[in-house]
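Since the structure comes first, as structure tokens, the remarks are kept for the end.
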2 protein chains.
Amino acid sequence: MLEQRNGRSAPPAPTPDSPAHRVPDATVNRLPIYLRCLGDVARSGANTISSERLAELAGVNAAKVRKDFSYLGSYGTRGVGYDVEFLVFQIRRQLGLTHDWPVIVVGAGNLGRALANNGGFGERGFPVTAIVDTDPSKYGDQVGEDLSVEPMAEVATIVSERDIRVGVIATPASVAQGVADQLCDAGVASILNFAPVVVTGPAHVRVRQVDLVSELQILSFYEEQDEGRLDAG
Amino acid sequence: MLEQRNGRSAPPAPTPDSPAHRVPDATVNRLPIYLRCLGDVARSGANTISSERLAELAGVNAAKVRKDFSYLGSYGTRGVGYDVEFLVFQIRRQLGLTHDWPVIVVGAGNLGRALANNGGFGERGFPVTAIVDTDPSKYGDQVGEDLSVEPMAEVATIVSERDIRVGVIATPASVAQGVADQLCDAGVASILNFAPVVVTGPAHVRVRQVDLVSELQILSFYEEQDEGRLDAG
DNA sequence: GGTTGTGAACAAATTCACAGCG
DNA sequence: CGCTGTGAATTTGTTCACAACC
């Protein structure tokens with residue numbers, strides 16, 4: 001995945017109850033993983049968790065967990081661990097997940113429908129509120145329980161009326177930048193792009209790329225390493 | 001997305017025509033992006049490209065492009081740039097993309113079908129050769145042009161007979177680790193996991209996680225930053 | 001002139017190791 | 001004693017800036 005932030009701009013506003021430190025990007029990237037693991041832990045009934053145990057669940061090491069949380073504040077208890085519920089609250093607050101962020105999916109192909117259908121989005125704070133396409137033959141197609149495909153031409157109205165802040169691009173690469181432009185014009189604050197092309201927007205819009213094939217290609221690199229080792233050894 | 005390598009083990013085997021440097025992880029993560037951009041450039045008819053121009057396409061800066069390529073060897077020409085075709089060849093070689101890597105998709109839900117259907121995989125070196133599920137009512141369902149859903153119980157046979165090296169997990173979180181275990185037993189070398197849970201395998205199997213909701217949550221963090229800035233300013 | 005390739009400077013991230021507290 | 005929180009050390013990654021070369 002390629003992260004691409006347009007003009008990160010100023011440091012965060014330190015509030016009385018949060019430390020002045022800027023939370024490092026690497027830490028931000030891990031907070032969602034911790035959050036997910038903590039959800040599982042909470043469901044299992046535990047009230048507290050040690051950095052060691054959480055590290056194991058998240059697939060990182062314990063020092064990293066403690067360091068990461070230290071950027072959010074001192075929320076653990078020495079000799080005991082972290083209070084699960086309180087930690088969840090703090091992470092959610094840091095991530096801006098104190099309220100839902102409605103999402104629009106552009107592109108009603110296989111991937112777009114899969115994303116729109118994916119219950120995990122809504123459960124974890126990102127309800128998919130619209131799915132649009134430019135192909136008239138798809139208009140009205142039912143997607144999941146509550147959605148049907150709407151015309152891309154109405155994107156501006158849809159975004160403003162439903163207070164949508166996040167656009168997900170699941171179109172062919174050839175039209176992705178055009179779609180991004182329309183989403184930006186419509187007023188979304190963030191874009192998650194699944195099309196295999198780098199899209200850009202104005203400085204105030206956050207863009208993240210997810211290229212699924214790149215992930216496989218990266219795996220392939222480390223694969224080859226080992227084969228080389230066998231050949232050489 | 002969380003990268004998780006189990007036992008990176010030894011340094012690469014330096015071959016006569018490749019430099020002794022170990023290619024840094026950060027560079028490996030970018031090579032697929034460059035490769036994709038170079039494909040677009042080649043299709044546009046250009047024979048050479050400067051680090052400046054490629055940086056623009058890939059959404060990074062030019063120094064980084066040059067540094068990254070310097071780990072692969074000195075393949076540019078001063079005053080001119082890089083030969084597109086030759087560079088593509090070298091990156092593909094580094095990534096181990098000199099041959100295809102057949103893929104099995106586990107989970108014939110929306111996401112699994114979308115992935116199996118996605119032409120981009122096959123075009124870029126990862127032909128999806130099987131899709132399996134545990135739900136008998138899905139067996140035989142047509143997916144894309146050449147695939148139909150097969151029983152998960154046959155995974156061992158399928159993997160060995162079709163020489164599959166990569167498993168993609170597109171199942172609910174609750175069964176993902178079990179699926180990973182079965183894929184490892186069946187002999188895959190790499191796993192790409194879309195289920196929102198960390199899965200692990202033996203040291204020789206590479207695992208990468210892609211959590212789509214985490215990507216949105218990360219965007220949400222940077223969103224909130226700006227709102228904080230407005231409040232404070 | 002133009003562009004690469006790369007040491008050196010800098011910045012970010014990780015890990016260590018242990019003091020501090022419950 | 002157990003576990004967090006964090007400075008310090010280390011490693012990794014990025015950017016600068018310019019010599020080398022076409």
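Since we're looking at a predicted model, the values are computed, not measured. Numbered from 1 within each chain, the chains take letters A, B, ... in sequence-line order.
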Using the test side-chain hydrogen bond (donor to acceptor under 3.5 Å, both in side chains), find all partners of Ser50(B) that sit at least two apart in sequence or belong to another chain. none
Could you go through Gln209(B) and Val198(B), starting from their C-alpha distance and side-chain angles, then the distance that decides it, and tell me whether this counts as side-chain contact (heavy atoms from CB on, under 4.5 Å)? CA-CA 7 Å; Gln209(B) 304 276 146; Val198(B) 173; 4.1 Å; yes
Identify the 5'-most and 3'-most nucleotides of DNA chain C with at least one atom closer than 4.0 Å to a non-hydrogen atom of chain B. dG2(C) to dA8(C)
In whole angstrom, what separates Glu52(A)'s CD from dC1(D)'s P? 17 Å
If I take atom CG from residue Leu115(A) and atom CZ from residue Phe194(A), how far apart are they, to the nearest 0.5 angstrom? 5.0 Å
Give a yes or no on whether the backbone of Thr200(B) and the side-chain of Gln177(B) come within a donor-acceptor separation of less than 3.5 Å. yes
Is a side-chain donor-acceptor pair under 3.5 Å present for Asp68(A) with Tyr34(A)? yes
On DNA chain C, more 5' by nearest nucleotide between Lys64(A) and Thr77(A) is Lys64(A)
Assign Phe69(A) to base, sugar-phosphate, or nothing according to its heavy-atom contacts below 4.0 angstrom with the strands shown.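 No contact at all - Phe69(A) keeps every heavy atom at 4.0 Å or more from the nucleic acid.
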Under the side chain to side chain contact (heavy atoms under 4.5 Å, CB included) test against Leu183(B), which residue among Ile191(B), Asn193(B), Val199(B), Val205(B) passes?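 Of Ile191(B), Asn193(B), Val199(B), Val205(B), side chain to side chain contact (heavy atoms under 4.5 Å, CB included) with Leu183(B) is met by Ile191(B) alone.
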Should the ring pair Phe86(B) and Phe89(B) be called parallel, tilted or perpendicular, given that the plane angle runs from 0 to 90° and is split at 30 and 60? parallel
Per-nucleotide protein contact along nucleotides 6-12 of chain D, 5' to 3', at a 4.0 Å heavy-atom cut-off (B base, S sugar-phosphate only, - neither), is BBB----
Check step by step if side-chain contact (heavy atoms from CB on, under 4.5 Å) holds for Asp83(A) and Thr77(A). CA-CA 8 Å; Asp83(A) 182 273; Thr77(A) 307; over 6 Å; no
Just N and O in the side chain of Ser51(A): are any of them under 4.0 Å from OP1 or OP2 of dC3(D)?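 Result: no.
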